[in-house]
Amino acid sequence: MRPREIILRNSARCVKCGDKLESRHRHDFRRCRCGALGVDGGHAYIRRIGAGQDTSIVAIREVDDTGADNTRDFVDQIRSAWRPTSSAYEDAPLLQNWRTHVIEVNRAPAQVLIGTVSGHPEFPDGTLIATGRVLARDIRRGWARTTRRYYKIGNRQTLDSEVPDQPRTS
């Protein structure tokens, strides 16, 4: 089963007239001035009518293990003011150019991190991913704990590069 995707930008450029189109919400249908391309779906789904160059940005979503025993144990430890030592996350995947994002998990809002990963056991280096739900993080010490694993967190994404201009990879 393929992991779910999170659509960060649903956009395309018309190959005939050059118009850049972006659908920002569900059923926000946009058509270029020459009528050769239509974009729809916002962050809910990607739909194209006609020919165009896809410039959408999609993050692969890591599976969320909310019921795992180690997740419950970790949450109990964090509540008691315990913090991990650096050895707990020294072999963790590195998340670069990351930012926080809120998604719906089990019909409730959940904070995840979106960024480019390296050293992950499930994804190739350079993959744009959305982590599982964030349980705790310490930006100064450079770690985050999700329902699946620890992450070392590197550079945070700046506002100027919030949505990088790169083609969709899937």
Side-chain angles (χ1 to χ4, degrees), residues 1-12 22-26 41-46 54-170:
M1 181 174 135
R2 185 174 178 190
R4 292 178 38 161
E5 297 176 338
I6 295 177
I7 301 168
L8 301 173
R9 183 172 69 196
N10 182 354
S11 61
E22 181 176 358
S23 177
R24 296 185 183 266
H25 54 83
R26 180 185 294 266
H43 296 179
Y45 58 88
I46 294 177
D54 194 353
T55 57
S56 298
I57 299 175
V58 176
I60 304 299
R61 184 173 156 199
E62 183 178 51
V63 175
D64 204 49
D65 284 345
T66 55
D69 288 336
N70 65 346
T71 299
R72 285 190 290 262
D73 292 345
F74 182 81
V75 170
D76 290 342
Q77 289 174 338
I78 288 295
R79 286 183 181 147
S80 68
W82 170 89
R83 294 296 179 258
T85 63
S86 60
S87 64
Y89 53 89
E90 68 186 356
D91 294 331
L94 174 63
L95 199 61
Q96 290 282 20
N97 200 27
W98 62 272
R99 68 183 173 110
T100 59
H101 190 77
V102 176
I103 63 171
E104 187 176 303
V105 175
N106 298 330
R107 299 183 182 185
Q111 188 179 82
V112 298
L113 300 177
I114 294 177
T116 306
V117 73
S118 58
H120 197 288
E122 299 170 24
F123 302 107
D125 289 356
T127 301
L128 182 64
I129 70 162
T131 67
R133 183 181 338 183
V134 175
L135 301 175
R137 71 178 182 195
D138 187 333
I139 296 170
R140 286 184 296 116
R141 293 186 181 192
W143 64 268
R145 177 66 162 94
T146 70
T147 57
R148 298 275 324 261
R149 62 182 40 86
Y150 280 103
Y151 283 91
K152 289 185 280 191
I153 52 177
N155 296 330
R156 188 174 191 159
Q157 196 172 58
T158 62
L159 291 178
D160 293 335
S161 64
E162 180 137 341
V163 180
D165 193 17
Q166 62 189 37
R168 177 181 183 221
T169 57
S170 52

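- Note: Arg99 CZ to Ile114 CD1 = 5.0 Å, rounded to the nearest 0.5 Å.
- Residues Gln96 and Asn155 approach most closely at OE1-N, 2.8 Å, considering heavy atoms.
- No side-chain donor-acceptor contact under 3.5 Å links Thr146 to the backbone of Val134.
- Legend: residues meeting salt bridge (charged side-chain N to carboxylate O under 4.0 Å, His left out) with Arg149, ordered by chain and number and at least two apart, are Glu62, Glu122.
- Between the NE2 atom in His25 and the CG atom in Asn10 there is a gap of 11.5 Å [rounded to 0.5 Å].
- Of all heavy-atom pairs spanning Tyr89 and Arg141, the tightest one is OH-O, 3.6 Å.
- Every residue meeting the side-chain contact (heavy atoms from CB on, under 4.5 Å) condition with Thr127, not counting sequence neighbours, appears here in chain and number order: Ile60, Val117, Phe123, Pro124, Ile129.
- Residues Arg145 and Asp138 are not in side-chain contact: their nearest non-hydrogen atoms beyond the backbone lie 4.5 Å or more apart.
- When each of Thr116, Thr131, Val112, Ile153 is paired with Trp98, the side-chain contact (heavy atoms from CB on, under 4.5 Å) condition holds for Ile153 and for no other.
- The salt bridge (charged side-chain N to carboxylate O under 4.0 Å, His left out) pairs that include a residue from residues 85-96 number zero, where partners must be two or more places apart or lie in different chains.
- We find the CD1-OG distance between Ile7 and Ser56 to be 7.5 Å, quoted to the nearest 0.5 Å.
- Note: Arg156 CZ to Asn97 CG = 11.5 Å, rounded to the nearest 0.5 Å.
- You'll find the side chain of Arg137 reaches within 4.5 Å of the side chain of Gln111, heavy atoms only.
- By the salt bridge (charged side-chain N to carboxylate O under 4.0 Å, His left out) test, Arg24 pairs with Glu22, sequence neighbours left out.
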Exercise for the section: Please assess Val58 against Leu8 for the test side chain to side chain contact (heavy atoms under 4.5 Å, CB included), listing each intermediate value before the final yes or no. Expected result: CA-CA 6 Å; Val58 176; Leu8 301 173; over 6 Å; no
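- With hydrogens and angles ignored, the 3.5 Å screen pairs a side-chain donor or acceptor of Asp125 with a backbone N or O of Gly119.
- By the 30° and 60° cut-offs, the orientation of the rings of Trp143 relative to Tyr150 is perpendicular.
- Across all their heavy atoms, Ala144 and Leu113 have their closest contact at CB-CD1, 3.7 Å.
- Closest heavy-atom contact between Ala130 and Ala59: N-CB, 4.1 Å.
- Residues forming a side chain to side chain donor-acceptor pair (under 3.5 Å) with Ser11 (at least two apart in sequence, or on another chain): Arg9, Thr55.
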